[in-house]
Engineer: 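This structure is in structure tokens; I'll ask about it shortly.
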Amino acid sequence: MTRNLDPKTAYRTLERYQVVDVREPEEWAEGVLPGAVRLPLSTLEARAALELERERPVLLYCRSGNRSQEALKTLLALGYRKVWHLEGGIKAWRETGIPCASPT
């Protein structure tokens, strides 16, 4: 089963997911996906159980897709089964012309 979601599909189905930004705090100023929880990859393993509902689908993203793939492996290893990552990251999201939210 493929675990990648292209930006257009992700945008259309965003409300189904717990959206997780795995970038580091200094990167959030570039914009975030609407409703995203911010869990940097460096803290994901320690904080996942506190921040994420195990039974709800999770959509991970980073700048270009590399860290979100690592995060996907981490969550699968922790027993999360409904996990996807945004193909191409927020960079591809922006290139598709979909707006980002301002970080608050």
Side-chain angles (χ1 to χ4, degrees):
M1 170 165 84
T2 181
R3 297 263 179 189
N4 301 345
L5 273 186
D6 67 89
K8 288 182 180 176
T9 301
Y11 180 67
R12 283 195 312 272
T13 60
L14 206 55
E15 69 283 346
R16 295 181 192 166
Y17 298 95
Q18 299 173 88
V19 181
V20 180
D21 187 332
V22 298
R23 297 175 298 162
E24 294 301 316
E26 60 274 9
E27 297 175 275
W28 297 334
E30 299 170 26
V32 297
L33 267 57
V37 173
R38 297 174 197 139
L39 283 175
L41 182 58
S42 58
T43 66
L44 182 65
E45 190 169 355
R47 293 180 51 202
L50 303 170
E51 305 277 348
L52 300 175
E53 296 174 44
R54 195 172 289 277
E55 295 309 313
R56 273 189 68 211
V58 176
L59 175 62
L60 303 156
Y61 75 95
C62 61
R63 184 177 171 276
S64 63
N66 294 326
R67 283 175 285 178
S68 58
Q69 286 182 0
E70 286 302 312
L72 183 128
K73 291 175 192 169
T74 298
L75 289 183
L76 289 174
L78 291 172
Y80 289 81
R81 294 291 163 244
K82 301 174 182 177
V83 186
W84 287 264
H85 94 100
L86 181 63
E87 206 170 81
I90 198 165
K91 195 173 165 195
W93 179 274
R94 273 201 210 95
E95 287 168 1
T96 306
I98 306 167
C100 291
S102 295
T104 51

Engineer: So which heavy atom on R54 is nearest to which on G79, and how close?
Structural biologist: NH1-C, 3.4 Å

Engineer: With rounding to the nearest 0.5 angstrom, report the OH to CD distance, Y80 to E53.
Structural biologist: 9.5 Å

Engineer: Look at the side chain of R63 and the backbone N and O of I90, then say whether any donor-acceptor pair between them is shorter than 3.5 Å.
Structural biologist: no

Engineer: Give me the one residue out of V20, V19, L41 that meets side chain to side chain contact (heavy atoms under 4.5 Å, CB included) with L60.
Structural biologist: V20

Engineer: Show your working on side chain to side chain contact (heavy atoms under 4.5 Å, CB included) between L33 and L86 and close with a plain yes or no.
Structural biologist: CA-CA 11 Å; L33 267 57; L86 181 63; 4.1 Å; yes

Engineer: To the nearest 0.5 Å, tell me how far S68 OG sits from N4 CG.
Structural biologist: 8.5 Å

Engineer: Is there a donor-acceptor pair closer than 3.5 Å between any side-chain N or O of E45 and the backbone N or O of T74?
Structural biologist: no

Engineer: Quick check: do P34 and Y11 have side-chain heavy atoms less than 4.5 Å from each other?
Structural biologist: no

Engineer: Working to the nearest 0.5 Å, report the span between CH2 of W93 and OH of Y61.
Structural biologist: 8.5 Å

Engineer: Return the set of residues passing salt bridge (charged side-chain N to carboxylate O under 4.0 Å, His left out) with R23 (not counting sequence neighbours), or none when no residue passes.
Structural biologist: D21, E30

Engineer: Measure the CZ-OG1 distance between R38 and T43 for me, rounded to the nearest 0.5 Å.
Structural biologist: 13.0 Å

Engineer: Is the number of heavy atoms from other residues, nucleotides or ligands within 6.0 Å of CZ (R16) greater than 12?
Structural biologist: no

Engineer: Identify the two heavy atoms, one from R56 and one from E15, that lie closest to each other, and give their separation to 0.1 Å.
Structural biologist: NH2-O, 4.4 Å

Engineer: When you compare the side chain of R94 with that of P7, does any pair of heavy atoms fall below 4.5 Å?
Structural biologist: no

Engineer: How many angstroms lie between atom CG of L44 and atom CG of L75, to the nearest 0.5 angstrom?
Structural biologist: 4.5 Å

Engineer: Looking at R81 and R3, what are the two nearest heavy atoms and their distance?
Structural biologist: O-NH1, 2.8 Å

Engineer: How long is the straight-line distance from CG of L52 back to NZ of K82, given to the nearest 0.5 Å?
Structural biologist: 13.5 Å

Engineer: Quick check: do H85 and L5 have side-chain heavy atoms less than 4.5 Å from each other?
Structural biologist: no

Engineer: Flag the pair E70 and R67 as a salt bridge only when some basic side-chain nitrogen lies within less than 4.0 angstrom of an acidic carboxylate oxygen.
Structural biologist: no

Engineer: Looking at residues at least two apart in the chain, or sitting in another chain, which of them share a salt bridge (charged side-chain N to carboxylate O under 4.0 Å, His left out) with K8?
Structural biologist: none

Engineer: Do Q69 side-chain atoms and N66 backbone N/O form a donor-acceptor pair below 3.5 Å?
Structural biologist: no

Engineer: Tell me if a side-chain donor or acceptor on T13 pairs with a main-chain N or O of T9 at a distance below 3.5 Å.
Structural biologist: yes

